[in-house]
Amino acid sequence: MSTAAPRPSVLFVCVHNAGRSQMAAAFLTHLATDRVEVRSAGSTPAAAVNPAVVEAMEERGIDISAETPKILTTEAVQASDVVITMGCGDTCPVFPGKRYLDWQLDDPAGQGVDAVRPIRDEIEHRVRGLLTELGIPTTV
């Protein structure tokens with residue numbers, strides 16, 4: 001009798017949850033389909049996702065136009081196996097037994113789509129690496 005391993009859960013956190021963490025969550029959802037539970041949040045969420053980020057992701061065939069920035073909660077951190085921070089500094093709660101990664105990435109806030117593309121591409125590269133580390137093959 002074989003039992004499936006539980007799905008890993010990943011939380012992406014940045015300050016506004018309007019750019020980097022939204023792109024990372026979208027790439028992970030797109031590449032892993034339902035094999036990873038994906039969350040994103042911000043310590044100080046913006047009112048909306050950065051339009052240049054939406055446009056840059058649309059260029060890759062990933063629609064995040066309906067996403068909304070979410071507030072970071074202790075519950076979201078506790079429910080996640082891996083917490084990836086992107087410039088939120090000391091505002092991210094730390095719990096024992098969680099794996100924390102800090103991805104140093106430029107902030108796309110206030111940037112046009114030309115400036116967002118290299119950030120998007122670096123995030124995709126890192127998400128693909130994360131999936132390899134988790135032992136999850138990508139679907140695309």
Side-chain angles (χ1 to χ4, degrees):
M1 176 173 105
S2 68
T3 56
R7 287 189 316 162
S9 176
V10 177
L11 170 65
F12 295 101
V13 182
C14 66
V15 176
H16 300 297
N17 189 223
R20 296 167 289 187
S21 56
Q22 290 283 353
M23 288 189 283
F27 273 124
L28 186 54
T29 299
H30 178 72
L31 295 169
T33 58
D34 61 351
R35 293 169 292 169
V36 177
E37 187 176 352
V38 182
R39 296 179 180 85
S40 72
S43 52
T44 310
V49 174
N50 179 335
V53 167
V54 173
E55 183 179 342
M57 292 302 288
E58 186 62 40
E59 292 175 355
R60 289 298 179 86
I62 300 173
D63 182 7
I64 63 169
S65 62
E67 295 297 325
T68 56
K70 294 166 278 306
I71 186 73
L72 176 64
T73 65
T74 301
E75 293 77 20
V77 176
Q78 289 175 320
S80 301
D81 301 311
V82 181
V83 178
I84 299 175
T85 58
M86 304 172 183
C88 69
D90 296 334
T91 62
C92 298
V94 176
F95 294 97
K98 304 291 175 196
R99 179 176 173 205
Y100 289 88
L101 300 171
D102 185 43
W103 289 357
Q104 297 293 319
L105 297 160
D106 291 335
D107 189 346
Q111 304 291 321
V113 71
D114 289 340
V116 171
R117 285 183 188 112
I119 301 167
R120 172 202 63 199
D121 295 346
E122 178 62 21
I123 289 171
E124 180 181 13
H125 174 76
R126 291 182 187 210
V127 166
R128 287 180 181 277
L130 175 67
L131 283 167
T132 299
E133 289 174 28
L134 294 172
I136 297 171
T138 59
T139 57
V140 280

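When reading the values below, keep in mind they use all heavy atoms of this one structure, side chains included, and skip hydrogens, waters and symmetry mates.
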Could you tell me which residues satisfy salt bridge (Lys or Arg N to Asp or Glu O under 4.0 Å) with D34, sequence neighbours excluded, listed by chain and number?
-> none
Can you tell if the side chain of V36 reaches within under 4.5 Å of the side chain of R7, non-hydrogen atoms only?
-> no
Results of side-chain hydrogen bond (donor to acceptor under 3.5 Å, both in side chains) for Q104 - residues two or more places apart only | D102
Indicate yes or no: does D81 engage K98 in a salt bridge with an N to O separation below 4.0 Å.
-> no
With sequence neighbours left out, what residues match Q78 under side-chain hydrogen bond (donor to acceptor under 3.5 Å, both in side chains)?
-> none
Can you sort out the partners of D63 under side-chain contact (heavy atoms from CB on, under 4.5 Å), two or more places apart, ordered by chain and number?
-> E58, S65
Do side-chain atoms of H16 reach the backbone of T44 as a donor and acceptor pair under 3.5 angstrom?
-> yes
The side-chain hydrogen bond (donor to acceptor under 3.5 Å, both in side chains) partners of R39 (sequence neighbours excluded) come to S9, E37, S80
Salt bridge (Lys or Arg N to Asp or Glu O under 4.0 Å) involving E124 - partner list, sequence neighbours excluded = R60, R128
Please report the shortest heavy-atom distance between P108 and N50, naming the atom on each side.
-> O-ND2, 3.0 Å
Please name all residues satisfying salt bridge (Lys or Arg N to Asp or Glu O under 4.0 Å) with E55, sequence neighbours left out, ordered by chain then number.
-> none
Identify every side-chain donor-acceptor pair in residues 112-120 under 3.5 Å, counting partners at least two apart or on other chains, and give the distances.
from, atom 1, to, atom 2, distance (Å)
D114, OD1, R117, NH1, 2.4
R117, NE, E59, OE1, 2.8
R117, NE, E59, OE2, 3.3
R117, NH2, E59, OE2, 2.6
R120, NH1, A56, O, 2.8
R120, NH1, E59, OE1, 3.0

Apply side-chain hydrogen bond (donor to acceptor under 3.5 Å, both in side chains) to N17 and list each qualifying residue two or more places apart in sequence or on a separate chain.
-> S21, Q22, S40
Could you pull out all residues at least two apart from D106 that satisfy salt bridge (Lys or Arg N to Asp or Glu O under 4.0 Å)?
-> none
For I71, enumerate each residue passing the side-chain contact (heavy atoms from CB on, under 4.5 Å) test, keeping only those at least two apart in sequence or located in another chain.
-> P45, T73
